[in-house]
There are 2 protein chains.
Amino acid sequence: MDAIISEDARVVRTREALRQAMTDLASEAPLEAITIRAVAARAGVGYATFFRHYADKEALLADVADQLTRAFLEQVRPLLRQKDRLAAARSLCAFVEDHLPIHRALIAGGAGDTVRAEMLRQTLATVAQARGRVPESALDELVLFHVVSSILNLLAWWLRNLDRVDAEAMGEIIERTVLTPVGALQRQPPAGLEPGGPAS
Amino acid sequence: MDAIISEDARVVRTREALRQAMTDLASEAPLEAITIRAVAARAGVGYATFFRHYADKEALLADVADQLTRAFLEQVRPLLRQKDRLAAARSLCAFVEDHLPIHRALIAGGAGDTVRAEMLRQTLATVAQARGRVPESALDELVLFHVVSSILNLLAWWLRNLDRVDAEAMGEIIERTVLTPVGALQRQPPAGLEPGGPAS
DNA sequence: TCGTTATGATACACTGTGTATCGTAACTGG
DNA sequence: CCAGTTACGATACACAGTGTATCATAACGA
């Protein structure tokens, strides 16, 4: 199994330049207004070269979102194990604030919808893999979907209104509007769901 | 002020055909795969005729979303005045279930992201206009944003999983994960927000 | 240093958009 | 019912963006 032995320096350089260019442009214009030619130009790379690395615009954006999501999850994972949800939410907001430019460009920028969708997709896949396997109850699946998409939405709003709410308050809002209510729902689920629900 | 005296019957017919065609196609394919030519063809209308009514694809979709939002708000408004949040949430889900095809096509379909964004936009504008005026506190604005987008997101998930959760359970989930937590947040706001917060 | 490989530049076919034009058909007001 | 108005269908067109192909050149790794 000869995995990644050594990647050509030019490839690494070009890919990084393209990712950076896409991130830059995403903070300036909506995704549909970003042409592949513009990305290549900003990256200082030939137009045709783009397609030697990514099939299309979305593939590059997915790669960018993928890297962001990895850092995101790496940061969040240890927080989920602890029981103090408020501290966890505040840590997340502090982390976002510490790496403001990239989060503002990608989560709240012109490609925010696509990036958040990709982050949601990857997070769901990661969690499903971390658990036993995929077959969750409907409630578990819905709760996970709601938590992730709500947090990303709230962060997107916050990143467009940083001057109005500080990180600590934002953490408290996330904890009180998302994390705690969802915990209560899991402890005492409603009826009318598919079988396989609570394992009380 | 000569408003709408009488609209040419052909115009009404063509617009309705285009809206219906867009709705149909949105339930079958992602928005970027829906061409204006396909919409015109499905509507039984000439290609050039499309542009006599809408500037582009998004304008038609906005019109469709606008009509859906009107019906939506008309349905929800009376429920907001009542204090029983659970009953209100269940009514909303029952309403969606009663008009399943159009909601599934537009909220959960291939143009779901765009439609939900447009519904959010219009709802925010409507509420801002209904209140005194625009200048709300940061908390109010964030809460409203969160409530509307969360509900639309939850409905989108539900419309893709109708067989797993019934309308009553879905209403309870919305009430417990969105409405009630937000009410508690408004009654006891966190610190760290811009001035103009609670009017206690 | 030498063979390999990524890159730049350029040309090309293709698809979708939006505009312009003109003869025809349908509607409205009288 | 009729005459003027107006929307429609069809077609041609310019334009922009995508994705592919080709080839000489430069940069890389061993």
Side-chain angles (χ1 to χ4, degrees), chain A residues 1-26 28-65 109-111 113-114 118, chain B residues 1-26 28-65 109-111 113-114 118:
Chain A
M1 47 170 78
D2 44 43
I4 302 157
I5 303 180
S6 70
E7 196 74 338
D8 192 310
R10 292 167 290 182
V11 174
V12 178
R13 223 183 303 134
T14 300
R15 291 220 171 101
E16 180 53 34
L18 287 173
R19 280 190 291 260
Q20 185 60 50
M22 177 59 98
T23 302
D24 286 356
L25 294 176
E28 301 169 4
L31 180 57
E32 65 270 17
I34 301 174
T35 67
I36 293 179
R37 290 199 138 86
V39 175
R42 176 73 68 105
V45 155
Y47 173 67
T49 299
F50 178 94
F51 297 98
R52 294 188 178 108
H53 298 276
Y54 299 99
D56 51 35
K57 206 194 303 178
E58 281 66 36
L60 169 57
L61 197 59
D63 189 19
V64 169
D113 285 3
T114 309
E118 180 64 25
Chain B
M1 50 172 76
D2 43 42
I4 301 156
I5 303 181
S6 70
E7 196 75 338
D8 192 310
R10 291 167 292 182
V11 173
V12 178
R13 222 183 304 133
T14 300
R15 291 218 171 104
E16 181 51 35
L18 287 172
R19 281 190 290 261
Q20 185 59 49
M22 177 59 97
T23 303
D24 286 356
L25 293 176
E28 301 168 5
L31 180 59
E32 64 271 17
I34 301 175
T35 67
I36 293 179
R37 291 200 138 84
V39 175
R42 176 72 68 108
V45 156
Y47 172 66
T49 299
F50 177 94
F51 298 97
R52 294 188 179 108
H53 298 276
Y54 299 99
D56 51 35
K57 207 195 302 177
E58 281 67 35
L60 170 56
L61 197 59
D63 188 19
V64 169
D113 285 5
T114 310
E118 181 63 25

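Sequence lines set the chain letters: A, B, ... in the order given, protein chains first and strands last, and positions in each chain run from 1. On a predicted model such as this, the values are computed, not experimentally measured, just so you know.
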| request: Indicate the ring-plane relationship of A/Phe51 and A/Tyr47, choosing parallel, tilted or perpendicular according to the 30° and 60° boundaries. | output: perpendicular
| request: Decide yes or no for B/His53 and B/Leu60: does some side-chain heavy atom of the first lie under 4.5 Å from some side-chain heavy atom of the second? | output: no
| message | The criterion is side chain to side chain contact (heavy atoms under 4.5 Å, CB included); which residues satisfy it with B/Ala65, sequence neighbours excluded? | response | B/Val115, B/Glu118
| message | Can you list everything that forms a side chain to side chain contact (heavy atoms under 4.5 Å, CB included) with A/Thr114? Sequence neighbours excluded, please. | response | A/Leu31, A/Leu61
| said: Taking the axis from the first five pairs and the axis from the last five, what angle separates them in the helix from C/dT1-D/dA30 to C/dG30-D/dC1, rounded to 10 degrees? | reply: 50°
| said: What is the distance, to the nearest angstrom, from the CZ atom on B/Phe51 to the C1' atom on D/dC15? | reply: 13 Å
| Selection residues 44-56 of chain A - residue pairs positive for salt bridge (charged side-chain N to carboxylate O under 4.0 Å, His left out), sequence neighbours left out | none
| query | side chain to side chain donor-acceptor pair (under 3.5 Å) with B/Glu58: which residues, sequence neighbours excluded? | reply | none
| message | In this structure, how many angstroms lie between the C1' atom of C/dA6 and the CD atom of A/Glu16, rounded? | response | 17 Å
Under 3.5 Å, side-chain donor or acceptor atoms of residues 32-39 of chain A against the rest of the protein: list the pairs with distances, not counting sequence neighbours.
unit_1, atom_1, unit_2, atom_2, d
A/Thr35, OG1, A/Ala38, N, 3.0

Name the pairs: protein N/O against N/O of nucleotides 5-9 of chain D, kept only if under 3.5 Å.
unit_1, atom_1, unit_2, atom_2, d
D/dT6, O2, B/Arg10, NH1, 3.2
D/dT6, O2, B/Arg10, NH2, 3.3
D/dC8, OP1, B/Arg10, O, 3.1
D/dC8, OP1, B/Thr14, OG1, 2.3
D/dC8, OP2, B/His53, NE2, 2.7
D/dG9, OP2, B/Gly46, N, 2.8
D/dG9, OP2, B/Thr49, OG1, 2.8
D/dG9, N7, B/Arg52, NH1, 3.4
D/dG9, O6, B/Arg52, NH2, 2.7

| task | Could I get the full list of salt bridge (Lys or Arg N to Asp or Glu O under 4.0 Å) partners for B/Arg15, not counting sequence neighbours? | result | B/Glu7
| request: For the residue pair A/Met22 and A/Lys57, establish whether any side-chain heavy-atom pair is separated by less than 4.5 Å. | output: yes
| request: Check each residue of residues 31-40 of chain B for a non-hydrogen atom within less than 4.0 Å of any atom in DNA chain C, then write out the ones that pass by number, or none. | output: B/Thr35, B/Ile36, B/Arg37
| Expressed in angstrom and rounded to an integer, what is the separation of A/Glu7 atom CD from D/dC28 atom P? | 14 Å
| request: Tell me, please, which residues at least two apart from A/Arg10 pass side chain to side chain contact (heavy atoms under 4.5 Å, CB included). | output: A/Asp8, A/Arg13
